[in-house]
Amino acid sequence: MKKLLFASLFAMMALGIQAQMKTIQPKYHVGDHAVYQYESTTTLTAESPVTVKISYKEDYTVREQDANGAVIDLVKKDVKVEGADDNIMVQLMTMGQEFIDGVTFKLKTDATGKIIDIVNKDEISAHLNTKADETAAQLLTKMPQLAEAAGKEELKEQLLEQMSNEALLNGFQNNPNVFALNGKTLMTGTVDSYETQMGMKMNRLFMVKGNQVKSSGTLNLSKDELKELILSQVPEEQAEMVRQNIDLILNSGQIKAEMKEDATYEYLDNGWVSSITVEETGDLMGQKQNGTTKVTLLEHSW
């Protein structure tokens with residue numbers, strides 16, 4: 001009798017788990033069109049708190065589609081950034097968004113809808129290179145004190161690092177966005193690993209309920225990786241001293257490296273996203289930040 005009871009319980013649990021499994025595979029058709037509203041608020045807390053608000057629209061149009069995948073045009077437009085104009089961190093965070101205002105990305109997907117390439121990457125790279133050069137010059141004119149810490153080429157390089165083809169592709173595949181979970185078969189309890197656009201390694205746990213998918217991501221750095229992260233943030237003249245005392249610094253507990261990203265995706269029956277909400281918190285060696293992001297479907301053609 002006990003065996004039968006346990007067998008029934010396990011069968012019910014298995015059915016429950018299966019019911020929570022979901023494959024994210026949008027149904028794309030040539031001519032499909034959707035517009036999303038993106039809104040984010042981020043607060044940086046270091047010497048003094050700074051809040052940055054970013055908003056824009058994302059316009060998606062399916063141009064090609066066959067058994068192997070699709071080509072989708074994405075245009076970000078009406079970019080608006082509000083924040084402290086005299087804060088270099090804010091400037092570096094937001095310039096990337098302004099770079100691509102009105103630029104068309106031709107995104108190639110595989111058969112599951114996962115972004116695998118940016119078809120016009122050379123064209124975009126040339127555009128970004130020109131914008132970065134102009135922006136670096138503007139920043140140095142606006143904040144001449146920057147010249148003491150970085151020249152024009154170094155600033156330009158920092159700007160372009162955020163917008164390299166590899167960083168953009170990684171962002172489409174991993175950062176919370178319309179394509180991020182495409183191609184994944186998920187169930188409650190699924191765990192995967194990914195890197196943020198800033199190169200931070202994260203682990204993420206999924207929970208699935210009907211057309212809703214929730215993910216909870218946390219920073220996943222080994223002790224050696226944490227050491228390298230700390231050393232990369234230290235001025236060159238102090239690096240050797242910090243390297244010699246790095247274990248003592250870590251054991252003191254005064255240095256923190258924490259990041260958390262909670263996201264909720266709501267899907268339509270055809271696999272397109274209807275909304276995404278994200279909450280993020282972080283504390284990287286005293287540089288604290290928290291933010292919220294909302295992506296909402298405004299209009300669609302189907």
Same cluster (ILVMFWY, side-chain, under 4.5 Å), [X] and [Y]:
{"X": "Met207", "Y": "Ile24", "value": "no"}
{"X": "Ile54", "Y": "Val75", "value": "no"}
{"X": "Val71", "Y": "Leu169", "value": "no"}
{"X": "Val178", "Y": "Val35", "value": "no"}

Listed partners of Asn68 passing side-chain contact (heavy atoms from CB on, under 4.5 Å), at least two apart: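 Asn68 satisfies side-chain contact (heavy atoms from CB on, under 4.5 Å) with Asp66 only.
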How many angstroms lie between atom [atom1] of [X] and atom [atom2] of [Y], to the nearest 0.5 angstrom?
{"X": "Asp192", "Y": "Ser215", "atom1": "CG", "atom2": "OG", "result": "8.5 Å"}
{"X": "Lys184", "Y": "Gln173", "atom1": "NZ", "atom2": "CD", "result": "9.0 Å"}
{"X": "Lys27", "Y": "Asp269", "atom1": "NZ", "atom2": "CG", "result": "8.0 Å"}
{"X": "Thr293", "Y": "Asn175", "atom1": "OG1", "atom2": "CG", "result": "10.0 Å"}
{"X": "Thr296", "Y": "Glu58", "atom1": "OG1", "atom2": "CD", "result": "10.5 Å"}
{"X": "Asn170", "Y": "Glu195", "atom1": "CG", "atom2": "CD", "result": "6.5 Å"}

Least distance between heavy atoms, [X] atom then [Y] atom:
{"X": "Gly31", "Y": "Ser301", "answer": "O-OG, 3.8 Å"}
{"X": "Asp73", "Y": "Arg63", "answer": "OD2-NE, 2.8 Å"}
{"X": "Asn211", "Y": "Leu268", "answer": "ND2-C, 4.2 Å"}
{"X": "Thr109", "Y": "Ile115", "answer": "CG2-CD1, 3.7 Å"}
{"X": "Lys22", "Y": "Gly210", "answer": "CD-O, 3.5 Å"}
{"X": "Phe179", "Y": "Asn177", "answer": "N-OD1, 2.8 Å"}

[X] side chain near [Y] side chain, heavy-atom distance below 4.5 Å:
{"X": "His127", "Y": "Lys131", "result": "yes"}
{"X": "Val119", "Y": "Leu107", "result": "no"}
{"X": "Ser193", "Y": "Arg204", "result": "no"}
{"X": "Lys53", "Y": "Ser40", "result": "no"}
{"X": "Ile100", "Y": "Met163", "result": "yes"}
{"X": "Leu186", "Y": "Met21", "result": "no"}
{"X": "Ile118", "Y": "Lys106", "result": "no"}
{"X": "Gln289", "Y": "Thr45", "result": "no"}

Output yes when a side-chain donor or acceptor of [X] lies under 3.5 Å from a complementary backbone atom of [Y], and no otherwise.
{"X": "Thr188", "Y": "Val208", "result": "yes"}
{"X": "Ser164", "Y": "Leu160", "result": "no"}
{"X": "Thr141", "Y": "Ala137", "result": "yes"}
{"X": "His29", "Y": "Val62", "result": "no"}
{"X": "Asn182", "Y": "Gly113", "result": "yes"}

Check: Tyr28 ring centroid to Tyr60 ring centroid under 6.0 Å: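 Ring centroids of Tyr28 and Tyr60 are no less than 6.0 Å from each other.
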Using a distance-only test with no angle check, is there a side-chain donor-acceptor pair under 3.5 angstrom linking [X] and [Y]?
{"X": "Thr51", "Y": "Thr43", "value": "yes"}
{"X": "Thr41", "Y": "Thr292", "value": "no"}
{"X": "Ser216", "Y": "Asp262", "value": "yes"}
{"X": "Asp59", "Y": "His33", "value": "yes"}
{"X": "Tyr36", "Y": "Glu299", "value": "no"}

Check against side chain to side chain donor-acceptor pair (under 3.5 Å), Asn290 and Thr281: CA-CA 4 Å; Asn290 62 77; Thr281 58; over 6 Å; no
Is it the case that atom [atom1] in [X] sees more than 12 heavy atoms from other parts of the structure closer than 6.0 Å?
{"X": "Lys114", "atom1": "NZ", "result": "no"}
{"X": "Glu157", "atom1": "CD", "result": "no"}
{"X": "Glu279", "atom1": "CD", "result": "no"}

Val278 vs Glu261, side chain to side chain contact (heavy atoms under 4.5 Å, CB included): CA-CA, chis, key distance, verdict: CA-CA 7 Å; Val278 186; Glu261 178 187 86; 4.0 Å; yes
Residue pair Lys76, Lys57: steps toward the side chain to side chain contact (heavy atoms under 4.5 Å, CB included) verdict: CA-CA 6 Å; Lys76 294 187 179 185; Lys57 288 184 173 63; over 6 Å; no
ring-ring contact (aromatic ring centres under 6.0 Å, His included) contacts in which one or both residues fall within residues 154-178, not counting sequence neighbours: none
From CA spacing to verdict: side chain to side chain contact (heavy atoms under 4.5 Å, CB included), Ile124, Val103: CA-CA 8 Å; Ile124 290 173; Val103 176; 4.2 Å; yes
Non-neighbouring partners of Gln212 that pass side-chain hydrogen bond (donor to acceptor under 3.5 Å, both in side chains), sequence neighbours left out: Glu266
Sole residue of Trp302, Tyr267, Tyr265 in ring pair (Phe, Tyr, Trp, His ring centres under 6.0 Å) with Trp272: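 Result for ring pair (Phe, Tyr, Trp, His ring centres under 6.0 Å) with Trp272: Trp302.
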Derivation of the side chain to side chain contact (heavy atoms under 4.5 Å, CB included) call for Glu280 and Lys260: CA-CA 6 Å; Glu280 299 173 281; Lys260 197 171 190 317; over 6 Å; no
